[in-house]
2 protein chains.
Amino acid sequence: MTTGSRHGGQPSSPTPRVRLVDVAREAGLSKTTVSAALNDTGRLSPAVREKARETARRMGYRPNATARQLRAGRAKLIGYVVGEAVDARSVFLESPYFARLTGATAATALRRGYAMVLLPAGSLQSEWADLPLDAVVVTDPDADDRIVDDVLAAGIPVFSDRSVEGRPGAYWVDVDTEAAVRSALDHFHEQGARRPVLVVPDSTTRFHTEVFAAHREWCAEHGLPERAVRVPEAGNGPVVRAVETALAGGPAGDRREGGGGSDGEDRPDALLVVAEASPPLVLEAARRHGYSVPDDLLLACVSEDVTAEHTEPPVTTLSLRPEAIAEAGIEHLVRVLEQGGREPAGTLVPTRLDVRASSVRRHG
Amino acid sequence: MTTGSRHGGQPSSPTPRVRLVDVAREAGLSKTTVSAALNDTGRLSPAVREKARETARRMGYRPNATARQLRAGRAKLIGYVVGEAVDARSVFLESPYFARLTGATAATALRRGYAMVLLPAGSLQSEWADLPLDAVVVTDPDADDRIVDDVLAAGIPVFSDRSVEGRPGAYWVDVDTEAAVRSALDHFHEQGARRPVLVVPDSTTRFHTEVFAAHREWCAEHGLPERAVRVPEAGNGPVVRAVETALAGGPAGDRREGGGGSDGEDRPDALLVVAEASPPLVLEAARRHGYSVPDDLLLACVSEDVTAEHTEPPVTTLSLRPEAIAEAGIEHLVRVLEQGGREPAGTLVPTRLDVRASSVRRHG
DNA sequence: ATGAAAGCGCTAACAC
DNA sequence: GTGTTAGCGCTTTCAT
């Protein structure tokens, strides 16, 4: 009466799932033959191949991925962590940039045969040590981030930004930050702006530190004073406050001599916001401070936020092109993982400036 | 001179990775003993257990997850797809709601020992057929979505919203939509509004159809005309246009007799926006149409968008509490997967109305 | 052209 | 207490 003595199985499998050997038995063939037929390998007579396939189909056979992985030695699984903002638990996805980067990475990876596991921002390698990850993508790690070291120490290849350059087992894709900053500042300059201000997060992320440096350099080259406000933390509130600081006068550690309205000479005439913030809110902040955009303030945001197109005036954005980054990164990863050869280790992805009314001077 | 003939391995493994048997040999013990020591099972003398552990640590041993999975029969992997908006490829994450739901699901799952694979929105089961998924989470499937059927047909448990109720192998978590809609409309009513309008996506998602129904019911109960505008597609543009339609007059298929300004009686005095849209943009749209919020229009949005707190006035939001949904869902999933027993199949999660200035009448 | 058998790395019966 | 052994389901030499 023992109707099949489950050996080491689960509490009660809903369906005992058909295995390769079941198909083989049913078709009167061997595992080998059926496997070959299904994988289109080996030399089989068309008849047998078809019979095996047909039987498999009829029985609803689906190969056990885990067994394949074990055999193959790799799991076709990659991890994805956002390094930045360890404190901002799982909120990073609310940034349109990370949202799109994340989605695009997952989609591209799957297209290339890899599944992407979403790892909570700021999680430690130890928390997912027993995932069979072939590689880990670490986006925008902080300079002092442990995660990259942890993963490398575990012998897992890391794909990150340029900050990992030179580390064995680490590969990178990055935006061409300098060109990006230049393109925005040059654009302002062409439009006649001479007192641009930068608002940038005070983070140790590669991108942000490079933005700061590129801005400094550009200002020096153009003989303009370096005006920058650093945002202490992420979020719309802090960024908007930083924007207000920027619009109130010059840089943070700056001469604000004289008492009241020292407007005119000192008021910024262009604003580049690199920190993630909602374009409508930034625009609104400018208005509150008595600026009319673009008449007396040119505005551009580094952002993927689609609301930028819907404001009045629409806001010029500098897109980091997350989809392009994701694609470049995954292509790179697949090449490294599958060809194993020593790859160039890095790729630079250009940005795109979408000029809209907020940064174009009116009447010619 | 053959320095180790790689058998069926990769092109060139960077490090041959230490296996259980290596540790065993090194420690002069058997695989069993080491395994037991590491997993804290079996009866081992403390001395031996320590020795095994020490050796493993020293050699940098990390168990092969795939082998474990094969042995255990389950991969501790769950898939996550957003059913809604098949067309909006990987953009769904830009919605703060989905972003937070996604992040929270991943985090909660990992805490419970499951890794979450992010599947591109609208992707088919066939595209990830060879992932060893223990279950698939399908958020907000459209009524005619194939995905749920596909996954169930593959013998994989599905966790989704209430629309899957009654299907064997399907479990659900859902927001208490009716209570949610009531709470918002009741709030408007208490504030004196008598001509509320609803803006809701014209989708076949369970949530949206229920919102529409709940609103209809509420209006009937209160003897108020049902005013609703359905948004044909997602995105800030379409939603803002729908808001403008709503504010211009009554419902879409509605008497708009007479020519010009039939204001007064007909103008809505409260607006509930259920479609994802940026609160600042909605507010701006209301202003463009000559409304002052909250003086002659009360406003509330179903949204997780944090910008709602930063507008002037701040916007009242109805939060669906994605983190709570994620937690309830994953708890449920883990229970089903691990205890296998026939679980209650469904959980309802309450929403939260965050009342802010946009929906509170001034001067008492 | 097809099948038998080994083995991926691990865990769990079952001896000793 | 500790070691031996048998698989988990699949792919892949290697015989036949």
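All values derive from a computational prediction rather than experimental measurement. Protein chains get the first letters and strands the later ones, always in sequence-line order, with residue 1 at the start of each.
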Report yes if at least one side-chain N or O of [X] is closer than 4.0 Å to OP1 or OP2 of [N]; otherwise report no.
| X | N | value |
| --- | --- | --- |
| B:R68 | C:dC10 | no |
| B:R71 | C:dA12 | no |
| B:N39 | C:dT11 | yes |

**OP:** Report, as yes or no, whether the 6.0 Å neighbourhood of atom CZ on B:R146 holds more than 12 heavy atoms from other residues, nucleotides or ligands.
**Re:**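 Result for CZ/B:R146: open.
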Could you give the [atom1]-to-[atom2] distance, from [X] to [N], as a whole number of Å?
| X | N | atom1 | atom2 | value |
| --- | --- | --- | --- | --- |
| B:D130 | D:dC10 | CG | P | 12 Å |
| A:L70 | C:dT11 | CG | P | 12 Å |
| B:D22 | C:dC8 | CG | C1' | 13 Å |
| B:R19 | C:dG7 | CZ | P | 12 Å |
| B:K51 | D:dG1 | NZ | P | 18 Å |
| B:N64 | C:dT11 | CG | C1' | 13 Å |
| B:Y61 | C:dG9 | OH | P | 10 Å |
| A:R17 | D:dG9 | CZ | P | 10 Å |

Subject >> Value rounded to 0.5 Å, distance of OG in B:S45 from NZ in B:K51 >> reply: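 Rounded to the nearest 0.5 Å, the OG-NZ separation comes out at 10.0 Å.
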Subject >> Distance-only donor-acceptor check, side chains A:Y80 and A:T102, under 3.5 Å >> reply: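 Present: a donor and an acceptor within the cut-off.
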Subject >> Exercise: do B:N39 and B:T41 side chains pair donor with acceptor under 3.5 Å >> reply: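 No, because no side-chain N or O of B:N39 sits under 3.5 Å from a partner of the opposite role on B:T41.
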I need the minimum non-hydrogen distance between [X] and [Y], along with the two atoms involved.
| X | Y | result |
| --- | --- | --- |
| A:P120 | B:L110 | CD-CD2, 3.5 Å |
| B:W172 | B:D161 | CB-O, 3.2 Å |
| B:P132 | B:A75 | O-CB, 3.1 Å |

Would you mind telling me which of [options] lies closest to the side-chain atoms of [X]?
| X | options | answer |
| --- | --- | --- |
| B:S45 | D:dC10, D:dC8, D:dG1 | D:dG1 |
| B:L20 | D:dT2, C:dT11, D:dG9 | C:dT11 |
| B:R43 | D:dC10, C:dC10, D:dG1 | D:dG1 |

Original post:
Going through the checks in order, is the side-chain contact (heavy atoms from CB on, under 4.5 Å) test met by A:S35 and A:L20?
Top reply: CA-CA 7 Å; A:S35 174; A:L20 187 63; 3.9 Å; yes
Subject >> Close side-chain approach of A:D174 to A:V349, heavy-atom, < 4.5 Å >> reply: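 Heavy-atom side-chain distance check fails, nothing below 4.5 Å.
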Subject >> Proximity to DNA chain D (any heavy atom under 4.0 Å), residues of residues 26-38 of chain A only >> reply: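 Output list: A:K31, A:T32, A:S35.
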**OP:** Could you tell me, to 10°, how much the axis swings from one end of the helix from C:dA1-D:dT16 to C:dC16-D:dG1 to the other, five pairs per end?
**Re:**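 Nearest ten degrees gives 50° for this helix.
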